[in-house]
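Structure record follows, encoded as structure tokens.
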Amino acid sequence: MTPSPLESVPMSDPEHPPAPRHRSTSGIDIKTVYGPSDLDGFDAERDLGDPGTFPFTRGVRATGYAGRTWTMRQYAGFGSAEETNRRFRYLLGHGQTGLSVACDLPTQMGYDSDDPLAVGEVGRTGVPVDSVADMELLLSDIRLDGVSTSMTINATAAILLALYEAVGRRQGVDPKQLRGTLQNDILKEYIARGTYIFPPEPSMRLVTDTFAYCAAEMPAFNTISISGYHLREAGATAVQEVAFTIANAIAYANAALEAGLAFDDFAPRLSFFFAAHNDLLEEVAKFRVARRVWATVARDRFGARDPRSMAMRFHVQTGGSTLTAQQPDTNVVRTTVQALAAVLGGAQSLHTNALDEALGLPTPATARLALRTQQVLAHESGVTSPVDPLAGSYYVEALTGELEERIWAEIAAIDEQGGTLSALERGYQQNEIAEAAYAFQRAIESGEQLVVGVNVFAEEGDEQRPAAQLIDPETARRQVERTQAVRAGRDGSRAAEAIAALESAAAGTENLLPRIRTCVEASVTLGEISHALRRVWGEYRA
């Protein structure tokens, strides 16, 4: 009789199961048993405090999720503004509580959809947003004073913010009522992701101009989401993810101070973005210690007095790089473990990946299941009732302390090189992440790191995989026609004057956001604004 696939799986003999891993993903040796002796030097009052108070280890809110559950966001964007708007309204109708906008690669890189360099990329990795007309379609029938919107955009973040504000104004919404988060984290692009346009100095200027503009015009909007997520997806360890992210935050804060802003004026609107991977308790400890380290940096390095400046608020997305094309249904389990880590770690906002994202864009059904995962955790699991439910665990507190020591050591190493900008010019962070990624892949190939369905419990033969989300090949053509129609139908002299004024301002020192807003209101496109800045600043080449 032919054995079933499961019977023939290597390493599945119950008498010889795979050996447990005794080291965390950050290389921390894990003991079999933890007890009071592992907390020598631990001071609950100093290291924990109460929830909602310094050092915020236990969370940024005194009541945790009892008074307010995390914001449930599902990252969406594909095809066209109309298609993405339908997905947004579908998710909102199924209980999503905040929008999260994914932009296509040309939008991220400052090219309009009709640019020759955009061919083949329009609408593929997100939604194309070339003009205020696109933004209006994207947000059609969604009142912006009733929803919080996160936009994953960096090099062109200031332009997307201006487009969003313009649509809000057209809806009759006071910009001071607009809520959301702009990723706007250009440093991690130089370190790990690569969607930069301009050299670091003018790029940092755009970031700090956004800080100042929002403080005056859009005070409820988070001006930056300093991202460790992309560093982790590139291969960083949990330690590197937090350390490099906080080092980037230090660089942004220093740039804002040099621009004349007071720390307590902009720091309360800083937010952070982390990944959640599969090592459940290391991830929980990571989130807890990240708050503790940032609170200390804000107080001791920058002299923060406002508790909001010291309270690290963060969004979490489950780890895209942990998903497997093999046995994709198993990704639901991975995502659940990771989402649980985010909740136990006290995230303010969460995105759960769909099971088919290792294969392509998620379908409505898989996106709904990912959202239901969050809803089950929020309403059925019981883990939201107490604040910081794992506080006092011998293992969790010992691991939190060990992570903290390693994170401070990494921050010190970057400080010794003159800070984030100097270190990345030397390739320090890039090389450290590359080495960590290589070590992790070697561990998978050697069998030290087990991945279910890949190097253990694999099944022979093709599996039935979910149908991928299709993109109409006519979508790009229609998008190009719409962008060209916007240019043809606008007041040409008004647009030209707005572009000229922006170029003049870019060559000087004034805040660029009002000039970008004027361009947007004159129907100048994202690509035209980006090219105007290219003409003044040039482009960055690694």
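Count residues from 1 along the sequence.
Among residues at least two apart or in separate chains, ring pair (Phe, Tyr, Trp, His ring centres under 6.0 Å) pairs with a member in residues 229-248 are Tyr229-Phe273, His230-Phe273.
Atom CZ of Arg372 is surrounded by more than 12 heavy atoms from other residues, nucleotides or ligands within 6.0 Å. When the shell of 6.0 Å around CZ of Arg46 is examined, it contains more than 12 heavy atoms from other residues, nucleotides or ligands. More than 12 heavy atoms of other residues, nucleotides or ligands shown are found within 6.0 angstrom of CZ on Phe42. Other residues, nucleotides and ligands contribute over 12 non-hydrogen atoms within 6.0 Å of the CD atom of Gln177. Atom CD of Glu45 is surrounded by 12 or fewer heavy atoms from other residues, nucleotides or ligands within 6.0 Å.
Aromatic ring orientation, Phe314 versus Phe274: perpendicular (interplanar angle above 60°, classes split at 30° and 60°).
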Please lay out, stage by stage, how Arg232 and Ser321 fare under the test side-chain hydrogen bond (donor to acceptor under 3.5 Å, both in side chains).
CA-CA 9 Å; Arg232 191 69 182 276; Ser321 65; over 6 Å; no
Walk me through it: do Ser227 and Asp185 pass the test side-chain hydrogen bond (donor to acceptor under 3.5 Å, both in side chains)?
CA-CA 7 Å; Ser227 177; Asp185 176 6; 4.9 Å; no
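In summary, the side chains of His379 and Gln374 do not present any donor paired with an acceptor at a separation below 3.5 Å, with no hydrogens or angles considered. When only modelled atom types and interatomic distance are considered, Gln417 and Ser422 share no side-chain donor-acceptor pair under 3.5 Å. Counted by atom type alone, Thr400 and Arg288 present one or more donor-acceptor pairs between their side chains at under 3.5 Å. Between the side chains of Thr195 and Arg193, at least one donor N or O lies within less than 3.5 Å of an accepting N or O. Defined by atom type and a distance below 3.5 Å, a donor-acceptor pair is missing between the side-chain atoms of Thr223 and Arg269. A donor atom on one side chain and an acceptor atom on the other are not found under 3.5 Å apart for Ser24 and Asp279. Side-chain atoms of Thr149 and Tyr164 include a donor-acceptor pair closer than 3.5 Å. Judged purely by distance below 3.5 Å, without hydrogens or angles, the side chains of Gln108 and Asn154 never pair a donor atom with an acceptor atom.
Closest approach of Asp356 and Thr363 over heavy atoms only: OD2-N, 3.5 Å. Shortest non-hydrogen contact noted between Asn353 and Thr318 is ND2-O, 2.6 Å. Between Thr181 and Ser225, the shortest heavy-atom contact is CG2-CB, 3.6 Å. Taking every heavy atom of both residues into account, Ala354 and Pro362 meet most closely at CB-CB, 3.5 Å. The two residues Ala276 and Val316 come nearest to each other via the heavy atoms CB-CG1, 3.6 Å. Across Phe287 and Ala275, no two heavy atoms sit closer than the pair CZ-O, 3.5 Å.
Atom-to-atom distance recorded for Leu424:CG and Asn431:CG is 11.5 Å, nearest 0.5 angstrom. The structure places CZ of Arg292 at 4.5 Å from CG of Asp47, a figure rounded to the nearest 0.5 Å. Taken to the nearest 0.5 Å, the OH atom of Tyr394 stands 9.5 Å off from the CG atom of Asp38. To the nearest 0.5 angstrom, Thr57 atom OG1 is 7.5 Å from Glu404 atom CD. Interatomic distance, Asp50 CG to Arg58 CZ, rounded to the nearest 0.5 Å: 7.5 Å. The structure places OG1 of Thr152 at 7.0 Å from NE2 of His315, a figure rounded to the nearest 0.5 Å.
For Tyr90 (side chain) and Arg368 (main-chain N/O), no donor-acceptor pair under 3.5 Å exists by modelled atom type.
In this structure the side chain of Leu206 never reaches within 4.5 angstrom of the side chain of Ile186, judged on heavy atoms. Side-chain contact between Leu257 and Phe302 is present, with heavy atoms from C-beta onward closer than 4.5 Å. When side chains are defined from C-beta on, Leu355 counts as touching Asp329, because their heavy atoms get closer than 4.5 Å. Gln338 has its side chain out of reach of Glu283: every pair of non-hydrogen atoms, C-beta onward, lies at least 4.5 Å apart. Counting heavy atoms from C-beta outward, Arg334 and Asn331 have side chains that approach closer than 4.5 Å. Using a 4.5 Å cut-off on side-chain heavy atoms (C-beta onward), Tyr65 and Val383 make no contact. No side-chain heavy atom of Val242 sits less than 4.5 Å from a side-chain heavy atom of Glu410. You'll find the side chain of His277 reaches within 4.5 Å of the side chain of Glu233, heavy atoms only.
Ion pairing between Asp415 and Arg301 holds under the 4.0 Å rule for side-chain N and carboxylate O. The pair Glu282-Lys286 does not meet the salt-bridge criterion, since no charged nitrogen lies less than 4.0 angstrom from a carboxylate oxygen.
If you run side chain to side chain contact (heavy atoms under 4.5 Å, CB included) between Ile226 and each of Asn184, Asn248, Ile246, only Asn248 comes through. Considering Tyr428, Tyr540, Phe198 as possible partners of Tyr190, the one that fulfils the ring pair (Phe, Tyr, Trp, His ring centres under 6.0 Å) test is Tyr540.
Ring centers of Tyr34 and Tyr395: under 6.0 Å apart, within the cut-off.
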